[in-house]
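Notes for the one structure printed next.
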Amino acid sequence: MKFRGKIVDVACLNHFSRVVTTISKLTKMCVLRLTPDNLFFVLSGKVGNGGVSMWCELSQANFFDEYQMEGVSSEDNEICLEVTPENISRALKTVQNAKAVKVKLTKKHCPCLTVIAELPTLSSINRVVTHDVPVDVIPQRLWHEFKEPDMPDFDVSIYLPPLKTMKNVVDRMKNLSNFLVIEANLNGEMNLKIETDLVSVTTHFKDLGNPPWGDDASQDAGPSQSRDPDTMAEARVDIRRLQQFLMGQQVTPSRAMCNIVHQRVLHLILLHEDVSLQYFIPAVA
């Protein structure tokens with residue numbers, strides 16, 4: 001297995017660093033899946049058992065000036081690594097002003113993602129900084145656990161309000177309860193609710209809009225065509241998990257939306273021109 005990438009453009013380097021920082025806010029450990037065309041950050045928690053899961057897809061051509069990889073075989077041309085995204089984020093933050101950054105898979109005392117940066121200098125002497133980030137190679141027999149999740153058979157899909165506004169609301173609600181109910185309908189309305197024995201608080205959002213697949217979807221791919229547009233679908237979630245998702249955003253998405261599987265799953269989606277991030281939060285009783 002071989003992997004080697006090079007980033008020269010500073011804007012691409014900073015963007016890649018922000019993506020990795022976002023991932024590091026969402027999970028301590030995840031799988032980095034490398035293919036010839038894409039990079040994936042994957043967290044495959046069992047949502048049905050109360051765990052969160054994540055799927056982040058990046059097109060390598062939008063970040064790397066040079067990109068070469070050889071997987072385990074020509075038939076299975078992939079590499080799967082268990083990584084600590086915070087360690088990669090720290091390495092990238094220290095080289096943001098570099099003239100060029102190389103990332104490659106190496107074998108030191110253990111498998112590593114080695115980040116090599118050529119830093120600017122006023123003299124003729126080159127300054128090179130190297131970071132070795134330990135990783136674990138995932139055996140091929142476990143790859144099936146890190147495939148792209150299916151789009152859930154959701155009841156309602158809706159665009160989210162500005163994430164900063166939503167974060168401010170959730171931050172305040174966290175002081176009142178450990179759980180939050182998020183509900184939405186097909187008329188572009190969404191509510192964030194806290195209900196306890198002592199207090200009941202609701203924040204209303206209107207005219208958010210519903211993604212196109214909400215109108216054209218089949219029974220197997222989206223909301224039922226017979227669903228009353230005013231009927232709310234809801235999911236009660238651990239407010240800390242939603243807050244963690246909102247706090248971790250370093251990438252400004254062009255579109256942000258969520259799908260609600262009534263009383264089962266909250267599926268959050270952030271889309272950028274070169275990044276797609278899906279995050280699944282299980283509902284709690």
Side-chain angles (χ1 to χ4, degrees), residues 1-7 12-13 15-47 51-89 91-92 101 103-105 111-115 133-152 244-245 248-251 253-257 259 265 267-281:
M1 296 184 298
K2 296 180 181 180
F3 166 67
R4 179 187 181 93
K6 183 177 181 180
I7 304 176
C12 291
L13 176 59
H15 188 23
F16 185 68
S17 179
R18 287 193 295 269
V19 172
V20 176
T21 299
T22 295
I23 301 300
S24 71
K25 301 293 184 181
L26 297 177
T27 179
K28 292 182 179 179
M29 299 288 292
C30 68
V31 169
L32 172 59
R33 179 180 162 209
L34 303 168
T35 70
D37 297 319
N38 298 290
L39 297 86
F40 305 91
F41 290 94
V42 186
L43 176 64
S44 60
K46 304 299 183 183
V47 175
V52 300
S53 64
M54 174 193 68
W55 176 268
C56 182
E57 179 176 346
L58 293 75
S59 172
Q60 61 88 1
N62 291 327
F63 295 91
F64 290 87
D65 296 272
E66 299 176 13
Y67 184 92
Q68 300 173 348
M69 63 87 57
E70 296 179 13
V72 296
S73 67
S74 57
E75 294 80 15
D76 298 295
N77 194 19
E78 296 184 13
I79 301 173
C80 287
L81 307 170
E82 186 177 45
V83 301
T84 303
E86 184 178 2
N87 291 341
I88 302 176
S89 176
L92 292 173
V101 173
V103 183
K104 60 181 181 179
L105 183 61
C112 292
L113 274 180
T114 298
V115 180
V133 180
V135 299
D136 289 322
V137 178
I138 303 295
Q140 191 172 354
R141 69 178 185 275
L142 300 179
W143 284 8
H144 67 278
E145 299 181 10
F146 310 110
K147 299 300 182 182
E148 181 174 5
D150 295 328
M151 178 72 75
Q244 183 181 33
F245 173 82
Q249 297 313 312
Q250 304 289 318
V251 179
S254 56
R255 288 181 293 166
M257 63 193 80
N259 301 323
V265 177
H267 174 215
L268 301 161
I269 309 172
L270 300 182
L271 298 177
H272 190 276
E273 58 183 9
D274 47 25
V275 180
S276 170
L277 173 63
Q278 301 181 57
Y279 195 66
F280 297 80
I281 303 177

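No hydrogens, no waters, no symmetry mates; every other heavy atom, side chains included, goes into these values. Here the structure is a predicted model, which is why all the values come from computation and not from measurement.
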Find the distance between [atom1] ([X]) and [atom2] ([Y]) and round it off to the nearest 0.5 Å.
{"X": "L92", "Y": "L13", "atom1": "CG", "atom2": "CG", "result": "6.5 Å"}
{"X": "D76", "Y": "T35", "atom1": "CG", "atom2": "OG1", "result": "12.5 Å"}
{"X": "F3", "Y": "T114", "atom1": "CZ", "atom2": "OG1", "result": "11.0 Å"}
{"X": "L43", "Y": "C56", "atom1": "CG", "atom2": "SG", "result": "12.0 Å"}
{"X": "C80", "Y": "I138", "atom1": "SG", "atom2": "CD1", "result": "7.0 Å"}
{"X": "F63", "Y": "C12", "atom1": "CZ", "atom2": "SG", "result": "7.5 Å"}

Note to self: According to salt bridge (charged side-chain N to carboxylate O under 4.0 Å, His left out), does anything in residues 23-40 pair up with another residue at least two apart or in another chain? List the pairs.
What the structure shows: R33-E78
Do the side chains of [Y] and [X] get nearer than 4.5 Å, heavy atoms only?
{"X": "H272", "Y": "H15", "answer": "yes"}
{"X": "T84", "Y": "I88", "answer": "no"}
{"X": "M69", "Y": "L105", "answer": "no"}
{"X": "L58", "Y": "F40", "answer": "no"}

Checklist line | Residue pairs passing the side chain to side chain donor-acceptor pair (under 3.5 Å) test where at least one lies in residues 59-70, sequence neighbours excluded | finding: none
Margin query: Show, in sequence, the C-alpha distance, side-chain angles and deciding distance for V133 and V83, and conclude whether the side-chain contact (heavy atoms from CB on, under 4.5 Å) test is met.
Written below: CA-CA 8 Å; V133 180; V83 301; 6.0 Å; no
Check: What's the shortest heavy-atom distance between I79 and K2, and which atoms?
Finding: CD1-O, 3.5 Å
Check: Quick one: ring pair (Phe, Tyr, Trp, His ring centres under 6.0 Å) partners of Y279, sequence neighbours excluded?
Finding: F245
Notebook entry, point to check: Ignoring hydrogens and geometry, is there a side-chain-to-backbone donor-acceptor pair from N77 to G71 under 3.5 Å?
Noted result: yes
Checklist line | Evaluation steps, side-chain contact (heavy atoms from CB on, under 4.5 Å), between V135 and C112 | finding: CA-CA 5 Å; V135 299; C112 292; 5.6 Å; no
Margin query: Checking S89 against T21 for the side chain to side chain donor-acceptor pair (under 3.5 Å) test, could you report, in this order, the C-alpha distance in whole Å, the side-chain angles of both residues, the deciding distance, and whether it holds?
Written below: CA-CA 5 Å; S89 176; T21 299; 2.9 Å; yes
Note to self: Taking side chain to side chain contact (heavy atoms under 4.5 Å, CB included) as the criterion, tell me which of L277, V42, L268 meets it with M54.
What the structure shows: L277
Margin query: Working note: V31 + F41, criterion side-chain contact (heavy atoms from CB on, under 4.5 Å); need CA distance, chi angles, decisive distance, verdict.
Written below: CA-CA 6 Å; V31 169; F41 290 94; over 6 Å; no
